[in-house]
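One structure is given below, encoded as structure tokens.
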Amino acid sequence: MKNIFVMPKMTPQRLVTIAMLIALAYVVDQFKITIIPNQLVVGFGFIVNAIMGSITGPVYAFLTGAVEDVITVLLSSNAANFIPLWTLMDAFLSGLYGLFFYGREISSNKTKDWVYVSIAVTTITVLGSLILTPLLIQIYFKTPFVAQYIAGRWIKIFEIPLRILVIMLILPQLQRIPELRKLMGIKK
């Protein structure tokens with residue numbers, strides 16, 4: 001059984017990599033593609049979260065996800081609207097990326113890896129976009145769960161194939177870099 005509380009040694013190289021990924025996450029979060037106005041907006045922050053999780057493991061991914069969210073909120077024009085539960089949700093989802101991807105070699109040539117990434121991405125997307133986000137919107141903004149789905153929350157399910165494809169294109173390529181392989185906890 002895999003230990004979910006894996007905490008790789010915090011080396012200066014890992015710390016600098018985390019800091020660079022937090023900065024990259026802030027930049028990437030600024031870019032979104034609107035496919036259906038006010039319905040389906042695709043952001044690419046999940047890419048950095050997957051990379052961060054694969055490098056730091058679940059515990060550090062949780063912590064860096066929280067730090068990244070706080071920094072993003074503080075540097076935005078919505079700093080006055082800081083919602084702690086949103087930060088906790090982002091940290092939890094980042095930790096899930098660490099749980100699924102740290103220490104796991106992924107190859108785009110293996111069917112079992114496509115299935116594994118599909119399960120991981122579906123789990124994280126369903127929890128984040130279809131359960132926790134609507135729940136927090138209902139708690140903070142009093143918009144009923146059902147009303148959010150009628151208005152189009154369910155369309156987020158179409159992001160899943162895109163996320164799977166992007167992660168399967170990027171993570172195996174990054175795992176070919178020897179320094180990153182070592183940071184990702186991949187033996188060989």
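Predicted, not measured: the structure shown is a model, and the values here were computed from it.
- With sequence neighbours excluded, the residues forming a ring pair (Phe, Tyr, Trp, His ring centres under 6.0 Å) with F145 are Y149, listed by chain and number.
- Heavy-atom minimum distance, G185 versus Y102: CA-OH, 3.7 Å.
- Partners of E105 by side-chain hydrogen bond (donor to acceptor under 3.5 Å, both in side chains), not counting sequence neighbours, listed by chain and number: R181.
- Every residue meeting the side-chain hydrogen bond (donor to acceptor under 3.5 Å, both in side chains) condition with Q173, not counting sequence neighbours, appears here in chain and number order: R176.
- A heavy-atom distance below 4.5 Å is not found between the side chains of V48 and I51.
- Inter-residue side-chain proximity for I22 and I71 is flagged as met; some heavy-atom pair is nearer than 4.5 Å.
- When all heavy atoms are compared, the tightest approach of S94 to G65 is OG-CA, 3.5 Å.
- Within a 6.0 Å sphere centred on CD1 of I139, heavy atoms belonging to other residues, nucleotides or ligands number more than 12.
- In this structure, F158 and V42 have side chains that are not in contact, with every pair of non-hydrogen atoms separated by 4.5 Å or more.
- L180 CG to S54 OG: the interatomic distance, rounded to the nearest 0.5 Å, is 8.0 Å.
- Counting heavy atoms from C-beta outward, L127 and M89 have side chains that stay 4.5 Å or more apart.
- Side-chain atoms of I124 and F92, non-hydrogen and from C-beta on, never get closer than 4.5 Å to each other.
- The salt bridge (charged side-chain N to carboxylate O under 4.0 Å, His left out) check on D90 picks up nothing, with sequence neighbours excluded.
- Rounded to the nearest 0.5 angstrom, I106 CD1 and M184 CE are separated by 8.5 Å.
- The heavy-atom pair separating Q30 from Y26 by the smallest distance is NE2-O, 3.0 Å.
- Taken from OG in S129 to CH2 in W154, the straight-line distance is 14.5 Å, to the nearest 0.5 Å.
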Can you check side-chain contact (heavy atoms from CB on, under 4.5 Å) on L63 and Y60, steps first, answer last?
-> CA-CA 5 Å; L63 296 172; Y60 287 141; 4.2 Å; yes
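- There is a side-chain donor-acceptor pair under 3.5 Å between T72 and E68.
- Formation of a donor-acceptor pair under 3.5 Å by the T125 side chain with backbone atoms of T122 is not found in this model.
- Residues V70, V73, F82 make up the rest of the hydrophobic cluster containing L74, defined by ILVMFWY side-chain heavy atoms closer than 4.5 Å, directly or through other members.
- In this structure, T133 has no side-chain hydrogen bond (donor to acceptor under 3.5 Å, both in side chains) partners at least two apart in sequence or on a different chain.
- Evaluation of the salt bridge (Lys or Arg N to Asp or Glu O under 4.0 Å) test over residues 111-124, restricted to residues two or more places apart or in two chains, returns R104-D113.
- The shortest non-hydrogen separation linking G53 to A61 is CA-CB, 3.9 Å.
- In this structure R14 satisfies the salt bridge (charged side-chain N to carboxylate O under 4.0 Å, His left out) test with no other residue, sequence neighbours excluded.
- Think of I119 as one node in a network of Ile, Leu, Val, Met, Phe, Trp and Tyr side chains linked at under 4.5 Å; its network also takes in V115.
- Under the side-chain hydrogen bond (donor to acceptor under 3.5 Å, both in side chains) criterion, N49 pairs with no residue at all, not counting sequence neighbours.
- Partners of F141 under the side-chain contact (heavy atoms from CB on, under 4.5 Å) rule, at least two apart in sequence or in another chain, are I83, W86, I137, T143.
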Begin from the C-alpha positions of F100 and V117 and carry the test side-chain contact (heavy atoms from CB on, under 4.5 Å) through to its verdict.
-> CA-CA 8 Å; F100 280 112; V117 170; over 6 Å; no
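- With a 4.5 Å cut-off on side-chain heavy atoms, V28 and I47 do not count as touching.
- Here the CD1-OG1 distance, from I160 to T123, works out to 9.0 Å after rounding to the nearest 0.5 Å.
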Distance-only donor-acceptor hits, side chain of residues 164-172, under 3.5 Å, sequence neighbours excluded:
none

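- Between the CG atom of L15 and the CD atom of Q13 there is a distance of 11.0 Å, given to the nearest 0.5 Å.
- The distance from atom NZ of K156 to atom CZ of R163, rounded to the nearest 0.5 Å, is 7.0 Å.
- Within a 6.0 Å sphere centred on NZ of K32, other residues, nucleotides and ligands contribute more than 12 heavy atoms.
- F46 is listed as a side-chain neighbour of F44, based on a closest heavy-atom distance under 4.5 Å.
- The only member of L88, T87, T64, L93 that meets side chain to side chain contact (heavy atoms under 4.5 Å, CB included) when paired with D69 is T87.
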